[in-house]
Amino acid sequence: MTKRVAIFISGGGSNMLRLIDSMTGDHPARACVVLSNTPTAGGLEKAEARGIPTEVVRHQPFDGDRTAFEHAIEAAISPYAPDIICLAGFMRKLTAGFVDPWRGRMLNIHPSLLPKYRGLRTHARALEAGDRLHGCTVHEVTPALDDGPVLGQAEVRVQDDDTADTLATRVLAREHQLYPAVLARFAAGNMDLLYLPA
Ligand code: GRF
């Protein structure tokens, strides 16, 4: 049975795009909806150009009431009957109230080799620490931020002249390889760690 995948974005959606484009042929999943918390997310028109329905649930009207915002998200995606949620640059924290029912069916990509550098500014922090190796992680989402079982990691070598921007660019390219590969395995029920060395 083909798994139905909802993808949550807040921005350009380059990861969302790679995920959509990877779900073809005998891939065990298909994108069923793209949801954004902002109507200006560039990824929305990219999804629509690929024939994927989109939904926007702005967080502002809920004025900090996370539970109400999350109920609105659930109401927006439930008509599409997703089996899996992929967070792809979705910049809103989700509470246990939303995450717990999706436990084991929700993935996120984070631009660091977790457990290093949870949260923001991951590339700058890796440079500040003098790390020679950096990268990205796909993990199952739990209520704790950027936590949860790791399903895949891809390494990126740090270069002497790297800035946060140049490093981010190379990490993003590795995200585009890692996320689709992990989703294909995850949708087929394979939870073995996928590790892509530099
Ligand atoms: C990526 O760097 C991802 O690691 C982080 O947000 C960014 C999303 O970029 N969670 P895009 O919207 O997929 O291009």
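Along the sequence shown, residues are numbered consecutively beginning with 1. Order of appearance sets the numbers: ligands from 1, and atoms from 1 within every ligand.
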Any N or O of H110 that comes nearer than 3.5 Å to an N or O of ligand 1?
no
Which residue and heavy atom of the protein sit nearest atom 3 (C) of ligand 1, plus the separation:
E175 OE1, 3.2 Å
Within residues 111-133 or reaching into it, pairs that qualify as ring pair (Phe, Tyr, Trp, His ring centres under 6.0 Å) - sequence neighbours excluded
H123-H134
Would you check the N or O atoms of N15, main chain and side chain alike, for any that come under 3.5 Å of an N or O of ligand 1?
yes
Is there a polar contact between ligand 1 and G13, counting only N or O atoms under 3.5 Å apart?
yes
Do E74 and W102 meet the criterion of a side-chain donor-acceptor pair at a distance under 3.5 Å?
yes
Closer than 4.0 angstrom: is that true for some heavy atom of I109 and an atom of ligand 1?
yes
Nearest-0.5 Å distance, CG of residue L107 to CG of residue L151
6.0 Å
Is there a donor-acceptor contact under 3.5 Å linking the side chains of T38 and S36?
no
Would G12 count as a contact of ligand 1 if the rule is a heavy atom under 4.0 Å away?
yes
Where ligand 1 meets G89 - atom numbers and elements under 4.0 angstrom, heavy-atom basis:
6 (O), 8 (C), 10 (N)
Just wondering, do Y80 and E55 contact through their side chains at under 4.5 Å, heavy atoms?
yes
I need the nearest protein heavy-atom contact for atom 14 (O) of ligand 1: residue, atom name and distance, please.
S14 OG, 2.5 Å
Counting each atom of ligand 1 from 1 as listed, which ones have a heavy atom of P111 under 4.0 Å away?
4 (O)
Using a 4.0 Å heavy-atom threshold (strictly under), name the region of M91 that reaches ligand 1: side chain, backbone, both or neither.
neither
Which distance, rounded to the nearest 0.5 Å, do you find between the CG of L167 and the CG of L172?
11.5 Å
When you check the gap from the basic side-chain N to the acidic O, do D147 and R118 get nearer than 4.0 Å?
yes
